[in-house]
Protein chains: 4
Amino acid sequence: MTTRRQNTPNAARRSDASRRAILTAAFELVGEVGYAKLSIEGIAARAGVGKQTIYRWWPSKGAVLFDAFLMLGEGEGGEAALPDTGDLEADLKLVMRATVDELNDPRFDEPMRALSTEISHDPDLAAVYRERLDGPMREIKKRRLEAAQRAGQLAEDLDLDMAVDVLWGPLLNRWLQRTGPLTPEYADKLIETALNGLRHRR
Amino acid sequence: MTTRRQNTPNAARRSDASRRAILTAAFELVGEVGYAKLSIEGIAARAGVGKQTIYRWWPSKGAVLFDAFLMLGEGEGGEAALPDTGDLEADLKLVMRATVDELNDPRFDEPMRALSTEISHDPDLAAVYRERLDGPMREIKKRRLEAAQRAGQLAEDLDLDMAVDVLWGPLLNRWLQRTGPLTPEYADKLIETALNGLRHRR
Amino acid sequence: MTTRRQNTPNAARRSDASRRAILTAAFELVGEVGYAKLSIEGIAARAGVGKQTIYRWWPSKGAVLFDAFLMLGEGEGGEAALPDTGDLEADLKLVMRATVDELNDPRFDEPMRALSTEISHDPDLAAVYRERLDGPMREIKKRRLEAAQRAGQLAEDLDLDMAVDVLWGPLLNRWLQRTGPLTPEYADKLIETALNGLRHRR
Amino acid sequence: MTTRRQNTPNAARRSDASRRAILTAAFELVGEVGYAKLSIEGIAARAGVGKQTIYRWWPSKGAVLFDAFLMLGEGEGGEAALPDTGDLEADLKLVMRATVDELNDPRFDEPMRALSTEISHDPDLAAVYRERLDGPMREIKKRRLEAAQRAGQLAEDLDLDMAVDVLWGPLLNRWLQRTGPLTPEYADKLIETALNGLRHRR
DNA sequence: ACTTAAACGAGACGGTACGTCGCGTCTTTCG
DNA sequence: CGAAAGACGCGACGTACCGTCTCGTTTAAGT
């Protein structure tokens with residue numbers, strides 16, 4: 001499940017115990033000391049692993065961290081879906097409030113900021129991220145919006161990718177840029193504003 | 001006008017020539033080598049300055065970079081305003097396309113990503129950023145939206161801060177996360193979508 | 001009383017309070033932190049004096065330290081003489097034991113080693129040292145030996161400079177090189193050996 | 001063959017090439033720039049070695065220099081002896097003149113002063129010096145004197161350690177303190193004076 | 001007493017070296 | 001023979017001092 005191989009050593013012989021220890025250590029450490037002070041040496045020491053074992057299988061600490069995220073989401077299978085009670089606005093608010101909770105959870109905050117940072121500075125990693133993590137999530141969201149669209153609740157010509165951007169972009173940007181606090185109220189109001197649009201209706 | 005003092009040495013004797021050389025060097029270097037490889041030593045060498053002169057006045061390379069940004073916007077005075085032709089949608093598209101151009105400009109791309117990274121990991125710096133850069137910009141945007149609101153073009157009960165988030169958040173998030181390319185078309189469509197909302201109107 | 005002038009600023013206006021504070025601080029500091037960690041900045045800070053005031057009057061920290069030694073011996077006037085009871089051996093043992101005590105005194109040990117180090121590495125300073133400190137001391141010693149020589153107790157053709165070397169050289173070398181402990185017994189035996197010579201007498 | 005370990009890293013893996021390069025560089029540099037301006041950075045650069053490799057194995061630049069001296073005397077084996085023609089005075093003059101030549105040789109002068117300085121300020125280093133360099137030399141000298149003593153040429157109750165001190169101490173002290181020039185004549189006269197003693201003989 | 005030039009404290013400045021940390025590579029040893 | 005252990009050349013870190021250079025502020029001479 002490695003992200004990017006260097007020159008692909010004999011992957012068959014790879015020690016799964018070491019791999020898990022490395023990813024776990026990386027995830028824990030980034031939460032403890034922050035991304036800037038995360039070091040390969042530190043990960044190796046915490047994991048009880050030689051540095052070479054990390055360099056053999058990952059090209060950068062960003063890649064290690066990324067795989068650590070993948071490992072977290074491993075057991076989930078592809079079946080996840082957003083709730084669909086028929087009430088789109090309520091369903092979206094529920095989801096958005098859950099997102100707020102996750103972003104406010106200190107166990108996830110630092111590691112996710114670290115991942116975002118890496119993605120922002122590394123187009124290659126960004127591509128893998130889109131393919132492996134962001135893409136599937138986006139599909140799940142679009143599926144729910146598509147259902148609403150078919151039910152006549154969303155504009156017929158609505159671009160669902162744009163819709164996802166307009167719904168989640170403001171929240172993520174507020175989080176990353178620390179523009180303001182992430183509260184359930186903000187989540188609700190965001191959904192309402194995005195759904196209704198800014199224009200005045202007579 | 002330094003951002004954050006360490007223990008405030010005798011600021012009166014501060015050399016303005018050194019200060020400017022440091023900020024210029026920092027801005028240039030971050031564009032050339034990227035934020036990860038930006039080093040205090042490198043900045044000092046390029047600026048022809050002792051390292052201590054940097055450490056004396058700035059607590060981190062992030063703070064230096066931030067002041068470099070401030071220096072860029074120094075001459076602008078507070079008078080800036082968004083265009084107001086009466087046609088809100090057209091005005092916003094114009095502005096958003098300009099933003100797209102700026103973000104696509106390689107001279108600004110790297111430095112701005114670097115600044116975003118720093119803000120994301122440093123709440124103190126984020127606070128200064130909000131106060132000195134983001135806040136004033138947001139005020140300018142809100143002023144234009146307020147005019148439109150008074151003209152009856154925007155919802156009467158619209159929260160202008162939320163409006164700014166919904167208009168610019170998606171674009172900035174797309175840029176930072178590299179979700180997709182930033183094009184003028186995307187800018188236009190974003191404005192339309194945000195103004196009209198996602199809902200179906202009969 | 002300054003050792004070596006740089007380009008002789010107006011010495012008339014020199015602040016004697018500062019001069020004394022500097023020399024005192026230097027002497028104390030070298031005893032506390034050792035010569036290697038003695039710094040001009042440290043001396044200036046301890047003396048409550050600007051660095052420039054030191055650089056204005058002394059060319060190096062070795063020169064400062066040297067003047068500090070001179071200041072110590074200031075009040076002594078030129079009258080000093082070695083004891084002369086008529087019993088040369090006893091008189092020399094007395095003097096040598098006193099030297100041992102001084103060299104074992106921790107308040108003088110470090111500073112004197114420091115001075116020795118400077119002299120060893122700086123021929124200019126060594127010249128001043130010979131002229132101002134070592135020379136006068138040597139004269140005093142030679143004066144006592146001369147008396148003994150006239151009294152027929154020392155060889156008629158004895159070179160008194162060489163005699164001083166043979167008497168004090170072994171002790172000073174043992175101290176500087178830490179060849180062994182400096183004890184009163186060693187002092188006595190040294191006097192005896194030097195006086196009698198190594199040869200067998202039938 | 002390292003003098004003093006810090007916390008003994010895995011010495012088995014130590015690179016002998018680096019070790020030799022470091023010691024050679026240190027010895028050369030101290031002769032070129034003097035001890036005061038000798039720097040670990042300089043040694044590392046000249047030796048083509050990382051600074052850490054020096055800090056890993058030596059606690060100070062003094063220790064490096066000391067090992068450099070040890071390396072010089074490595075091939076000599078323990079068999080060295082002072083000449084023994086039966087004429088003690090002539091033999092000692094020969095040896096002492098050789099010592100004078102060595103101390104006057106600019107290639108050895110600076111480094112040996114540097115070593116002396118370090119020994120003077122560092123009791124630990126002094127202990128190692130006594131054990132590894134000074135002690136063996138002293139044994140060799142004492143062996144020659146012992147032979148003379150058995151031959152009835154030296155006093156029967158003569159303390160040979162004291163004898164070594166009285167013979168070599170004055171010369172070394174004159175050299176270190178720069179009391180006067182080191183000449184063959186001085187060497188000869190020193191031997192004569194020490195052997196005969198200062199006292200008048202009828 | 002008043003003026004004035006220096007010496008003074010303070011400390012910023014361009015530098016050099018410090019001793020440490022982590023990088024990514026390489027080599028040795030062990031299970 | 002893969003993995004731990006860790007030495008290595010390297011580069012940057014943040015700190016301490018170097019010696020030079022302004023800055024006001026005493027301070028003591030010579031008007």
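All values derive from a computational prediction rather than experimental measurement. The figures here come from the full heavy-atom set of this structure, side chains too, leaving out hydrogens, waters and symmetry mates. We name chains A, B, ... by the order of the sequence lines, and we start the count at 1 in each one.
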Has [X] got a side-chain N or O lying under 4.0 Å from the OP1 or OP2 atom of [N]?
X: Thr53(A); N: dG2(F); value: no
X: Ser15(C); N: dT26(F); value: no
X: Ser18(C); N: dA7(E); value: no

Lys NZ or Arg CZ of Arg19(D) over Trp57(D) ring: under 6.0 Å, within 45°: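 No, Arg19(D) does not lie over the aromatic ring of Trp57(D).
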
Aromatic ring proximity, centroids under 6.0 angstrom, Tyr129(D) and Phe69(D):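 Here the rings of Tyr129(D) and Phe69(D) have centres that are no less than 6.0 Å from each other.
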
Roughly, in whole Å, what's the span from [atom1] in [X] to [atom2] in [N]?
X: Ile54(D); N: dG11(F); atom1: CD1; atom2: C1'; value: 16 Å
X: Ile22(A); N: dA5(F); atom1: CD1; atom2: P; value: 12 Å
X: Trp58(B); N: dT15(F); atom1: CH2; atom2: P; value: 16 Å
X: Asp16(C); N: dC8(E); atom1: CG; atom2: P; value: 10 Å
X: Lys61(A); N: dG22(E); atom1: NZ; atom2: C1'; value: 10 Å
X: Leu29(D); N: dA17(E); atom1: CG; atom2: P; value: 11 Å

Could you tell me if the side chain of Glu32(D) sits less than 4.5 Å from the side chain of Arg46(D), heavy atoms only?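 Yes, at least one pair of side-chain atoms sits under 4.5 Å.
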
What residues from residues 30-49 of chain D pass a heavy-atom cutoff of under 4.0 Å to DNA chain F?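 Going residue by residue through residues 30-49 of chain D, the ones with a heavy atom under 4.0 Å of DNA chain F turn out to be Gly48(D), Val49(D).
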
Quiz item: [X] side-chain donor-acceptor pair to [N] base, under 3.5 Å:
X: Arg13(D); N: dT27(E); value: no
X: Lys51(C); N: dG19(F); value: yes
X: Gln52(A); N: dC26(E); value: yes

His121(D) and Glu110(C): side chain to side chain contact (heavy atoms under 4.5 Å, CB included), yes or no, with the steps? CA-CA 8 Å; His121(D) 286 88; Glu110(C) 244 310 320; 3.7 Å; yes

Heavy atoms from C-beta onward define the side chain here; which of dG9(F), dC13(E), dC8(E) lies closest to that of Arg56(C)?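 Nearest to the side chain of Arg56(C) among the choices is dC8(E).
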
Looking at the side chain of Trp57(D), which of dA4(F), dG9(E), dC8(F) is the nearest nucleotide?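 Of all the options, the side chain of Trp57(D) is nearest to dC8(F).
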
NZ/Lys51(C) to CD/Glu41(C) distance, rounded to the nearest 0.5 angstrom?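 It comes to 4.0 Å.
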
Taking it one step at a time, do Arg107(B) and Met112(B) satisfy side chain to side chain contact (heavy atoms under 4.5 Å, CB included)? CA-CA 9 Å; Arg107(B) 289 180 309 143; Met112(B) 286 169 92; over 6 Å; no

List the steps, then state whether side chain to side chain contact (heavy atoms under 4.5 Å, CB included) holds for Lys61(A) with Leu65(A). CA-CA 6 Å; Lys61(A) 73 176 178 180; Leu65(A) 203 59; over 6 Å; no

